[in-house]
Number of protein chains: 2
Amino acid sequence: MKKIFNMSNPKVERVLADLKRLGYRLTRPRQSVLQVLMEADGCLRPEEIHARARRYCSTLGLVTVYRTLSLLSEMDHIRRVHREDGCHSYARTELAHGHHLICRDCHQVIEFPGLDNMSTLIDPIARETGFLVEDHMLELVGLCPVCQEKVEA
Amino acid sequence: MKKIFNMSNPKVERVLADLKRLGYRLTRPRQSVLQVLMEADGCLRPEEIHARARRYCSTLGLVTVYRTLSLLSEMDHIRRVHREDGCHSYARTELAHGHHLICRDCHQVIEFPGLDNMSTLIDPIARETGFLVEDHMLELVGLCPVCQEKVEA
DNA sequence: GACATATTGAAAATCTTTTTCATTAATAAT
DNA sequence: ATTATTAATGAAAAAGATTTTCAATATGTC
């Protein structure tokens, strides 16, 4: 299938090429979910992704959204973010990589650097405890500047 | 109601006193859940807590486990820990406080210090982004020494 | 364009967690 | 101790999120 969007987004292109490379089909439902994820500047819940992606593929089912999220996660093009309520959100790896700052009001996600500091934090702990640390998750939750004003107003 | 355990656990005692102070009743179901949480050295899922606490209170329902977990969380005697699969586990605050190191195999939780380092990590980020950081969550996931050997064996 | 089959959507199933509500039991008053 | 008050409980049902099943569909290949 040909691409369904006229204005090609380089991020989308890259993932499509990768899907193709691995032998996956470039279906309309997949492209619609991908497009939504790549044009978003924050993390989205499966339900939100479904709603938005329907604008590009009206027959899209929620199940396919889950399946696509799972596929894209495995390929590490998106990352799963844990929400306080126990559900999950997803954001493109670029945003979710490393650590993130999540606005509890607008759900905007900002990535921040600090990976170097992390290993200085983690290494001594690993040494002391004998743990083999395979992964770490740091999430800061708070209010972004815009939502702070909303609260004050 | 009188305490249901002969050997009193000081951690349990302290929470019971606090419950009493706040006007909550010291019921057998509550005491059984509390006992399980305070004698555990790791984090447990509601289902596991239910299974274990039934040994002390055979009529205990899962619903009451959830209600008690929610109450004890609010009182900050236990903390909720996010699991990779999206479910939650609970551990007494003593264990869960600050940051934790979770063994992905045996689910043991080890607390580690490093809170001081955290604010040196967080403060500059808050300054740069304008975010009001209200909470942070750092979880390290890996293999504890015992489970590392199990894998190698 | 036709074929083989990966992918899809809908419905049903799972699983965790919450809500509802009549019953039970802890506490305080007697 | 007995009784009254009402917080707390358990069972069942509801609510959500996510996964599985399966027949129908659409993609990439020949």
Side-chain angles (χ1 to χ4, degrees), chain A residues 1-4 15-34 36 43-51 53-54 56-75 78 80-90 107, chain B residues 1-5 15-36 43-51 53-54 56-75 78 80-90 107:
Chain A
M1 195 209 189
K2 265 276 124 328
K3 289 171 293 164
I4 62 173
V15 180
L16 287 179
D18 202 28
L19 283 166
K20 183 134 219 161
R21 185 176 60 81
L22 294 168
Y24 291 106
R25 292 182 180 176
L26 273 40
T27 66
R28 174 172 273 267
R30 263 180 196 154
Q31 288 187 58
S32 70
V33 170
L34 185 56
V36 166
C43 52
L44 300 168
R45 281 175 303 109
E47 192 61 70
E48 291 169 328
I49 294 167
H50 183 225
R54 264 172 178 282
Y56 304 125
C57 174
S58 61
T59 62
L60 179 67
L62 183 56
V63 191
T64 296
V65 173
Y66 276 100
R67 280 190 283 232
T68 305
L69 290 173
S70 156
L71 177 60
L72 294 176
S73 286
E74 269 171 42
M75 295 171 69
I78 62 174
R80 192 167 71 166
V81 176
H82 295 261
R83 289 166 51 95
E84 259 317 300
D85 63 8
C87 301
H88 294 125
S89 286
Y90 293 80
H107 297 119
Chain B
M1 195 212 192
K2 267 273 117 346
K3 289 171 292 163
I4 62 173
F5 301 102
V15 179
L16 288 179
D18 202 28
L19 282 165
K20 182 135 220 161
R21 186 176 60 81
L22 294 168
Y24 291 105
R25 293 181 182 178
L26 273 40
T27 66
R28 174 172 272 268
R30 263 178 197 155
Q31 289 187 56
S32 70
V33 170
L34 186 55
Q35 177 71 27
V36 166
C43 52
L44 300 168
R45 281 177 302 108
E47 193 60 70
E48 291 169 328
I49 294 167
H50 182 226
R54 264 172 179 282
Y56 304 126
C57 175
S58 61
T59 63
L60 179 68
L62 183 57
V63 190
T64 296
V65 173
Y66 275 100
R67 280 190 283 232
T68 305
L69 289 173
S70 153
L71 176 61
L72 294 176
S73 287
E74 269 170 42
M75 295 171 69
I78 62 175
R80 192 168 69 166
V81 176
H82 295 262
R83 290 165 50 94
E84 260 314 301
D85 63 7
C87 301
H88 293 125
S89 287
Y90 293 80
H107 296 120

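Residue numbers start from 1 in every chain, and the chains themselves are labelled A, B, ... in the order their sequence lines are given, proteins ahead of strands. Source: prediction; values computed, not measured.
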For A/Arg30, report the nucleic acid contact type (base, sugar-phosphate, nothing); a contact means any heavy atom under 4.0 Å. sugar-phosphate
Per [X] side chain, nearest of listed nucleotides [options]:
X: B/Thr27; options: D/dA17, C/dG9, C/dA26; result: C/dA26
X: A/Pro46; options: D/dT18, C/dA11, C/dT7; result: D/dT18
X: B/His88; options: C/dT16, C/dT17, D/dA8; result: C/dT17

Closest to the 5' end of DNA chain C, once B/Glu47 and B/Tyr24 are matched to their nearest nucleotides, is B/Glu47
Quick check: on DNA chain C, is the nucleotide nearest B/Arg25 upstream (toward 5') of the one nearest B/Leu62, or the reverse? Name the residue that is more 5'. B/Leu62
Whole angstroms only, please: what is the [atom1]-[atom2] distance between [X] and [N]?
X: A/Leu22; N: C/dT7; atom1: CG; atom2: P; answer: 11 Å
X: B/Arg54; N: D/dT9; atom1: CZ; atom2: P; answer: 14 Å
X: B/Lys20; N: D/dA7; atom1: NZ; atom2: C1'; answer: 14 Å

Within the pair B/Tyr66 and C/dT17, is there a side-chain N or O less than 4.0 Å away from OP1 or OP2? yes
Out of B/Thr64, B/Val63, B/Thr59, which one pairs with B/Pro29 under the side-chain contact (heavy atoms from CB on, under 4.5 Å) rule?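 Among B/Thr64, B/Val63, B/Thr59, the one that satisfies the side-chain contact (heavy atoms from CB on, under 4.5 Å) with B/Pro29 is B/Thr64.
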Toward the 5' end of DNA chain D, by each residue's nearest nucleotide, B/Leu60 or A/Arg67: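 The answer here is B/Leu60.
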Side chain to side chain, [X] and [Y], heavy atoms closer than 4.5 Å:
X: A/Val65; Y: A/Leu60; result: yes
X: A/Gln31; Y: A/Arg28; result: no
X: B/Leu69; Y: B/Ile78; result: yes

State whether the distance check finds a donor on one side and an acceptor on the other, under 3.5 Å, for side chain A/Arg45 versus base D/dG16. no
